[in-house]
Amino acid sequence: MSDTLTITDNRTGRTYELPIENGAIRARDLKQIRVDDEDFGLVSYDPAFMNTASCTSRITYIDGDRGILWYRGYPIEQVAENSSHLEVAYLLLNGELPTRDQLAAWVNEITVHTFVHENVKKFIDGFHYDAHPMSIVLSTVGALSTFYPAARNIADPATTHLQIVRLIAKMPTLAAFAYRHSVGMPYVYPDNNLSYAGNFLNMLFRISEVRYSPNPILERALDALFILHADHEQNCSTNAIRAVGSSRVDPLSAMSAAIAALYGPLHGGANEEVLRMLEGIGRKENVPEFIKKVKAGEAKLMGFGHRVYKSYDPRARFIKGIADQVFEVTGRNPLLDIALELERIALQEDYFVSRKLYPNVDFYSGLIYQAMGFPKTMFPVLFAIPRTVGWLSQWKEMVGDPEQKIARPRQLYLGAAKRDYVPIAERGVRELVNQS
Ligand code: ACO
C-alpha cells in the first residue's frame with residue numbers, strides 16, 4: 001500500500017500518481033494533468049468549499065459525524081465546564097493552557113486595554129438611533145484601525161500581539177456601547193475589577209448603582225457561552241478573516257470583514273432568526289403546521305442544520321444545560337416550550353433525519369440571551385465577542401504559515417468566447433428586442 005492516488009486521464013490515456021498527505025491531495029498536483037501544451041491543466045471545482053481544505057491548522061478539530069469539537073485537543077465539554085473564556089483565549093492563541101502565573105498576567109493584560117479612545121464614542125453617537133448593533137460594531141472595529149496605524153506592521157510579533165490584546169479587550173466595550181446607543185442610555189465605562197463577562201454585563205446593564213454586581217450565575221453562564229463560541233475552525237467568518245488577512249491588511253480591518261460575514265442570517269445572524277421564528281410560531285400547538293411548511297420548502301427551521309455537523313452539535317447539548325441554570329434565575333422563557341416541541345417533532349421526521357439536520361449552537365442560545373435581557377439585535381454581537389479570539393488565532397496562524405499566500409481562487413469561465421466590441425450606434429435594435 002502506498003500513500004498515493006493513481007489517476008488515469010481518459011482523454012489522453014495518461015496515468016498520474018499523486019501523493020496523499022494528511023488525507024489530502026494537493027490541488028496544484030492536478031495542474032500537470034493536461035490534454036496538450038495549450039491546456040491550463042486540470043483544476044478542482046468546489047463552489048462553497050464543500051470538500052476543499054484551504055489551510056492546515058492546529059487550533060480546532062471537528063468531527064461532524066460524531067459530534068466532536070476540540071480546542072487544541074481538549075474536548076469542548078471539558079473546557080466549557082472547567083475554564084474561563086480568557087483562559088480559553090490563551091489556549092487558542094498559544095496552543096497550551098496557561099499556568100496560574102501566565103493566566104494572571106494574561107487577564108491583567110486584557111483588563112488594562114478595555115477602555116476605548118473617547119472619539120470612539122463620538123462616532124458611535126453618529127449612528128442612527130435604530131442602527132443594528134452588529135453594524136455599529138463592524139464599522140467601529142474597522143474604524144479602530146485609524147487609531148492604531150502601527151497595526152499595519154504585521155511582520156512585528158509585538159505589534160500584532162498588541163492588536164490581538166486590544167481587540168479581545170475592547171470588543172465587549174464596543175458591543176456594550178452599541179447596545180447603550182440603541183436604547184438611548186449613557187455609555188458605561190469598563191470596571192476593571194470585574195471579570196471579562198461580569199464587566200460586560202456591567203457596561204450593558206448598569207443604571208445608577210455605585211458599583212454593579214453581576215449575578216454570578218448569569219456571569220458564569222455568559223462566560224461559558226463565550227467559550228462555546230470561541231472558535232469553530234474554517235467557518236464562513238473565519239474563512240473571511242483568513243482571506244482578507246491574506247492581503248496583509250492590518251488585523252483590525254481584517255476582523256471587520258469577519259464580523260460582516262458573521263452578521264449574515266445563515267451564520268451568526270441565525271440565533272436572531274431563531275427567536276423571530278419562535279415568536280412567529282407563537283404557540284406549541286402551531287409547531288406541526290410550521291414543520292409542514294419547512295418540509296414543503298416554504299420555510300427554514302432556523303437553528304437547525306450545519307455544514308459540518310451531521311449529528312447533534314456538542315455545543316447545542318451543553319447550551320441546553322446552561323439554559324436550565326439561567327432560567328432558574330430569570331424565569332423560564334415561554335418560547336422554550338415551542339423550541340423543545342420543534343426539536344422533538346423534527347428529530348422524528350424523515351425530512352430532518354434523512355438530511356441529518358440537528359439543532360446547532362444557535363437553536364437555544366437566543367432563548368438564553370433573551371431571558372438575560374438582551375434584545376434580539378444583540379445576539380450576533382454576543383457571538384462576535386468570543387469569536388474574536390478564534391478569528392485572531394486563525395489569523396495569526398495564517399500570517400505565520402509559510403505555505404499561505406494571498407488567497408485567490410480560480411474560476412471556471414463559462415461566459416462568451418472572444419468577440420469584437422460593438423459600437424453603441426450599432427446596438428440599438430438588439431437592445432429593444434432584449435427589453436421587450
Ligand atoms: N431547515 C430546513 N431544511 C434545511 C435546513 C433548515 N434549517 N438546513 C438544511 N436544510 C435542507 C436543505 O434544504 C437541503 O435539502 P435538499 O437536499 O432537499 O435540497 C439539505 O437540508 C442540505 O442543506 P444545505 O443547505 O445544502 O446545507 P449547507 O451545508 O449548505 O447549509 C446551513 C448549512 C447554512 C447551516 C443550513 O443548514 C441552514 O441554512 N440552517 C439554518 C440557518 C442556521 O441555523 N445557521 C446557523 C449555522 S451554525 C453557525 O453558523 C454558527
Side-chain angles (χ1 to χ4, degrees), residues 46-52 60 62 64-65 67-69 71 76 80 134 225-241 258-278 280-281 287-320 335 338-339 341-369 376 378-391 394:
D46 190 9
F49 302 119
M50 297 291 286
N51 193 35
T52 293
T60 292
I62 300 174
D65 290 330
I68 285 174
L69 170 59
Y71 289 164
I76 187 67
M134 191 70 160
L225 286 164
F226 281 175
I227 293 172
L228 296 177
H229 287 87
D231 193 49
H232 212 229
E233 51 117 308
Q234 306 312 313
N235 55 85
C236 177
S237 54
T238 300
N239 183 56
I241 195 168
I259 301 174
L262 187 68
Y263 191 8
L266 296 188
H267 191 14
N271 52 11
E272 191 177 340
E273 295 303 319
V274 170
L275 260 277
R276 290 189 207 288
M277 173 189 76
L278 295 175
I281 295 171
V287 167
E289 192 54 38
F290 181 76
I291 294 277
K292 227 188 249 174
K293 273 194 190 163
V294 174
K295 286 174 16 187
E298 292 162 19
K300 214 167 206 188
L301 180 45
M302 297 309 289
F304 259 64
H306 199 276
R307 172 59 59 80
V308 179
Y309 291 120
K310 300 303 169 197
S311 71
Y312 216 99
D313 182 336
R315 302 168 301 171
R317 188 172 283 122
F318 198 88
I319 281 181
K320 268 175 114 173
L335 296 174
I338 302 175
E341 184 68 355
L342 272 171
E343 180 182 338
R344 189 184 70 77
I345 297 186
L347 295 185
Q348 292 171 1
E349 289 276 350
D350 183 58
Y351 176 94
F352 298 92
V353 175
S354 63
R355 289 172 177 78
K356 299 188 174 169
L357 300 172
Y358 292 88
N360 59 48
V361 68
D362 289 322
F363 194 62
Y364 288 103
S365 62
L367 290 168
I368 303 177
Y369 295 144
K376 286 190 277 299
M378 278 298 284
F379 296 177
V381 177
L382 289 162
F383 196 154
I385 293 171
R387 185 52 63 85
T388 298
V389 169
W391 288 328
Q394 301 269 352

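Residue numbers start at 1 and run along the sequence shown. Worth saying up front: this structure is predicted, and the values here are computed from it rather than measured. Indexing begins at 1, ligand by ligand and atom by atom, following the structure's order. Atom set for the values below is all heavy atoms of this structure, side chains included, hydrogens, waters and symmetry mates excluded.
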Worksheet item: Roughly how far apart are I319 CD1 and D362 CG, rounded to 0.5 Å?
Response: 8.0 Å
Worksheet item: When rounded to the nearest 0.5 angstrom, what distance separates CD1 in I338 from CD1 in I281?
Response: 6.5 Å
Worksheet entry | Under-4.0 Å salt bridge between E289 and K293 | no
Practice prompt. State yes or no: are the ring centers of H232 and F383 separated by less than 6.0 Å?
Written response: no
Which protein N or O atoms sit under 3.5 Å from any N or O of ligand 1? Give each pair with its distance.
{"residue": "ligand 1", "atom": "1 (N)", "partner": "L301", "partner atom": "N", "Å": "3.0"}
{"residue": "ligand 1", "atom": "3 (N)", "partner": "Y351", "partner atom": "OH", "Å": "2.9"}
{"residue": "ligand 1", "atom": "7 (N)", "partner": "L301", "partner atom": "O", "Å": "2.7"}
{"residue": "ligand 1", "atom": "7 (N)", "partner": "F304", "partner atom": "O", "Å": "3.0"}
{"residue": "ligand 1", "atom": "15 (O)", "partner": "R355", "partner atom": "NE", "Å": "3.1"}
{"residue": "ligand 1", "atom": "18 (O)", "partner": "R355", "partner atom": "NE", "Å": "3.1"}
{"residue": "ligand 1", "atom": "18 (O)", "partner": "R355", "partner atom": "NH2", "Å": "2.9"}
{"residue": "ligand 1", "atom": "29 (O)", "partner": "R307", "partner atom": "NE", "Å": "2.7"}
{"residue": "ligand 1", "atom": "30 (O)", "partner": "R307", "partner atom": "NH2", "Å": "2.9"}
{"residue": "ligand 1", "atom": "39 (O)", "partner": "K300", "partner atom": "NZ", "Å": "2.6"}
{"residue": "ligand 1", "atom": "40 (N)", "partner": "F304", "partner atom": "O", "Å": "2.9"}
{"residue": "ligand 1", "atom": "44 (O)", "partner": "G303", "partner atom": "N", "Å": "2.9"}
{"residue": "ligand 1", "atom": "44 (O)", "partner": "N360", "partner atom": "ND2", "Å": "2.9"}
{"residue": "ligand 1", "atom": "45 (N)", "partner": "L266", "partner atom": "O", "Å": "3.2"}
{"residue": "ligand 1", "atom": "50 (O)", "partner": "H267", "partner atom": "ND1", "Å": "2.9"}

Discussion item. Suppose the criterion is salt bridge (charged side-chain N to carboxylate O under 4.0 Å, His left out): which pairs have a residue in residues 306-318, not counting sequence neighbours?
Written reply: D313-R315
Practice prompt. Would you name the heavy atoms of F379 and G366 that are closest together and state the gap between them?
Written response: CZ-O, 3.4 Å
